[in-house]
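First the structure, in the form of structure tokens, and then the observations on it.
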Amino acid sequence: MPKFLRIGVHQSNVSGYTSKAWCVRRVGSAVFLKWGAVEVHGAGDGRKVYWSRLPQEKTIRCGTAQRAQDYAKAAIARRRNHRYEPLAGPIANRRRSTGGSAEPKQALATILIVDIVGSTAKAAKLGDARWTKIMGHYYAAVRKELKTSRGKEVTTTGDGVLATFKAAAAGISCATAIQKAVRTLGLDIRVGLHAGEYTISGGEMVGLAFHIGTRVAAKARAGEVLVSSAVKDLLKTQSAISFRDHGVHQLKGVPEKWRLWRVEG
């Protein structure tokens with residue numbers, strides 16, 4: 001039975017690595033379809049996929065085996081053309097907690113990554129004392145805009161900041177505000193945003209969504225704010241935000257290619 005997994009935001013978008021699976025099976029003149037939201041835990045050979053709720057099912061009776069074969073081929077081709085990856089392993093029923101222990105808490109968010117362009121060269125040119133002072137102003141400016149936009153700082157990474165937002169529009173608004181705020185410091189930054197689910201486990205935030213956000217930011221040039229298609233899809237009704245197509249990119253270490261968009265204005 002060919003199976004396919006789509007990576008991206010879909011409905012409840014359970015588990016950050018995420019989202020929707022399809023199964024296509026032909027028996028004689030009938031084609032059996034099964035689809036629904038899934039949870040994905042782990043990566044690589046250790047990846048496990050679970051239905052997050054009972055999947056939907058449909059039987060297509062084609063009359064002849066040849067018509068059923070043609071229908072199944074077309075169904076499989078559509079999956080491959082819509083950002084689905086072939087899934088080799090099984091899709092199990094929803095995993096349940098054992099021994100009464102609570103499962104890790106999951107949350108959906110827009111993830112923002114801010115990074116200073118050419119920071120090493122600037123630090124070497126300015127010297128430790130002046131660079132430390134500038135970085136103090138930089139973090140203060142970033143945190144002020146995060147507070148204004150109701151963003152939540154997750155961590156700092158050298159000269160970068162990673163934060164989350166409940167609303168994608170708030171994340172983009174914060175990104176552009178940070179850009180304006182740090183210009184007076186003589187810093188060039190790049191920003192990337194991605195929307196997906198992450199898991200809070202043992203007090204730490206984990207999930208592929210964070211890695212995708214980092215890869216999106218890495219594709220940005222100085223002064224650019226790039227967003228993944230997952231973020232743009234959440235903003236279809238936000239006419240005040242303009243985007244320019246930035247093309248399709250292979251993000252390092254991330255399955256499938258992603259279309260990125262540059263925030264305009």
Side-chain angles (χ1 to χ4, degrees), residues 109-196 198 204-205 207 209-232 234-235 238-247 249 251-252 254 258-265:
T110 294
I111 299 163
L112 173 145
I113 290 90
V114 181
D115 183 45
I116 298 176
V117 178
S119 59
T120 302
K122 287 182 180 296
K125 181 179 179 180
L126 297 174
D128 290 343
R130 191 175 176 191
W131 180 248
T132 300
K133 185 176 181 179
I134 288 176
M135 289 301 291
H137 291 310
Y138 162 72
Y139 283 118
V142 171
R143 286 166 180 151
K144 178 182 177 182
E145 299 305 334
L146 285 176
K147 184 177 180 180
T148 300
S149 302
R150 297 185 179 181
K152 181 179 180 181
E153 181 180 330
V154 177
T155 187
T156 57
T157 55
D159 55 17
V161 177
L162 190 154
T164 60
F165 296 82
K166 291 183 179 180
I172 292 177
S173 175
C174 184
T176 55
I178 290 173
Q179 279 190 325
K180 293 177 182 178
V182 302
R183 282 174 187 163
T184 58
L185 299 175
L187 299 176
D188 294 319
I189 63 169
R190 55 186 164 215
V191 185
L193 295 103
H194 174 63
Y198 60 89
E204 295 185 358
M205 297 181 179
F210 287 115
H211 299 289
I212 294 176
T214 301
R215 300 308 186 199
V216 172
K219 293 291 183 179
R221 293 172 294 195
E224 285 187 333
V225 176
L226 293 185
V227 307
S228 69
S229 53
V231 174
K232 186 174 183 295
L234 292 175
L235 291 164
Q238 299 286 339
S239 58
I241 300 176
S242 300
F243 299 95
R244 182 183 293 273
D245 192 343
H246 197 66
H249 299 261
L251 305 181
K252 184 178 179 181
V254 178
W258 286 77
R259 183 172 293 280
L260 304 182
W261 303 83
R262 185 171 67 244
V263 177
E264 296 287 284

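Only heavy atoms go into these numbers, but all of them, side chains included; no hydrogens, no water, no symmetry mates.
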Using side chain to side chain contact (heavy atoms under 4.5 Å, CB included), reason through Ile116 and Met135 one step at a time and then give a plain yes or no. CA-CA 10 Å; Ile116 298 176; Met135 289 301 291; 3.8 Å; yes
For [X] and [Y], work out which heavy atoms get closest and say how close.
X: Ser229; Y: Trp258; result: OG-CE3, 3.7 Å
X: Lys122; Y: Asp188; result: CE-N, 4.4 Å
X: Ala175; Y: Leu193; result: CB-CD1, 4.3 Å
X: Thr110; Y: Ala167; result: OG1-C, 4.0 Å
X: Leu112; Y: Gly171; result: CD1-O, 3.4 Å
X: Lys232; Y: Val227; result: N-CG2, 4.4 Å

Say you draw a straight line from [atom1] of [X] to [atom2] of [Y]; how long is it, rounded to the nearest 0.5 Å?
X: Arg259; Y: Ser228; atom1: CZ; atom2: OG; value: 12.5 Å
X: Ser149; Y: Ile178; atom1: OG; atom2: CD1; value: 7.5 Å
X: Ile113; Y: Thr214; atom1: CD1; atom2: OG1; value: 4.5 Å
X: Leu185; Y: Ile134; atom1: CG; atom2: CD1; value: 7.0 Å
X: Glu264; Y: Phe243; atom1: CD; atom2: CZ; value: 10.0 Å
X: Thr176; Y: Ile172; atom1: OG1; atom2: CD1; value: 8.5 Å

Min side-chain heavy-atom separation [X]-[Y] under 4.5 Å:
X: Val216; Y: Trp261; answer: no
X: Leu251; Y: Lys219; answer: yes
X: Val161; Y: Tyr138; answer: yes

Any ion pair linking Glu224 and Arg190 (charged N to carboxylate O, less than 4.0 Å)? no
Taking NZ, NE, NH1 and NH2 as the nitrogens, is one of them in Arg143 or Glu145 under 4.0 Å from a carboxylate oxygen of the other?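 Between Glu145 and Arg143 there is no salt bridge, as every charged N stays at least 4.0 Å from the carboxylate O atoms.
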Begin from the C-alpha positions of Cys174 and Leu146 and carry the test side chain to side chain contact (heavy atoms under 4.5 Å, CB included) through to its verdict. CA-CA 6 Å; Cys174 184; Leu146 285 176; 3.8 Å; yes
For Asp245, does the CG atom have more than 12 heavy-atom neighbours from other residues, nucleotides or ligands under 6.0 Å away? yes
For the pair [X] (side chain) and [Y] (backbone), establish whether a donor and an acceptor sit closer than 3.5 Å, ignoring hydrogens and angles.
X: Glu153; Y: Leu162; result: no
X: Arg215; Y: Lys252; result: yes
X: His249; Y: His246; result: yes
X: Ser173; Y: Ala169; result: no

Just do the side chain to side chain contact (heavy atoms under 4.5 Å, CB included) check on Val225 and Arg262 with the steps written out, would you? CA-CA 6 Å; Val225 176; Arg262 185 171 67 244; over 6 Å; no
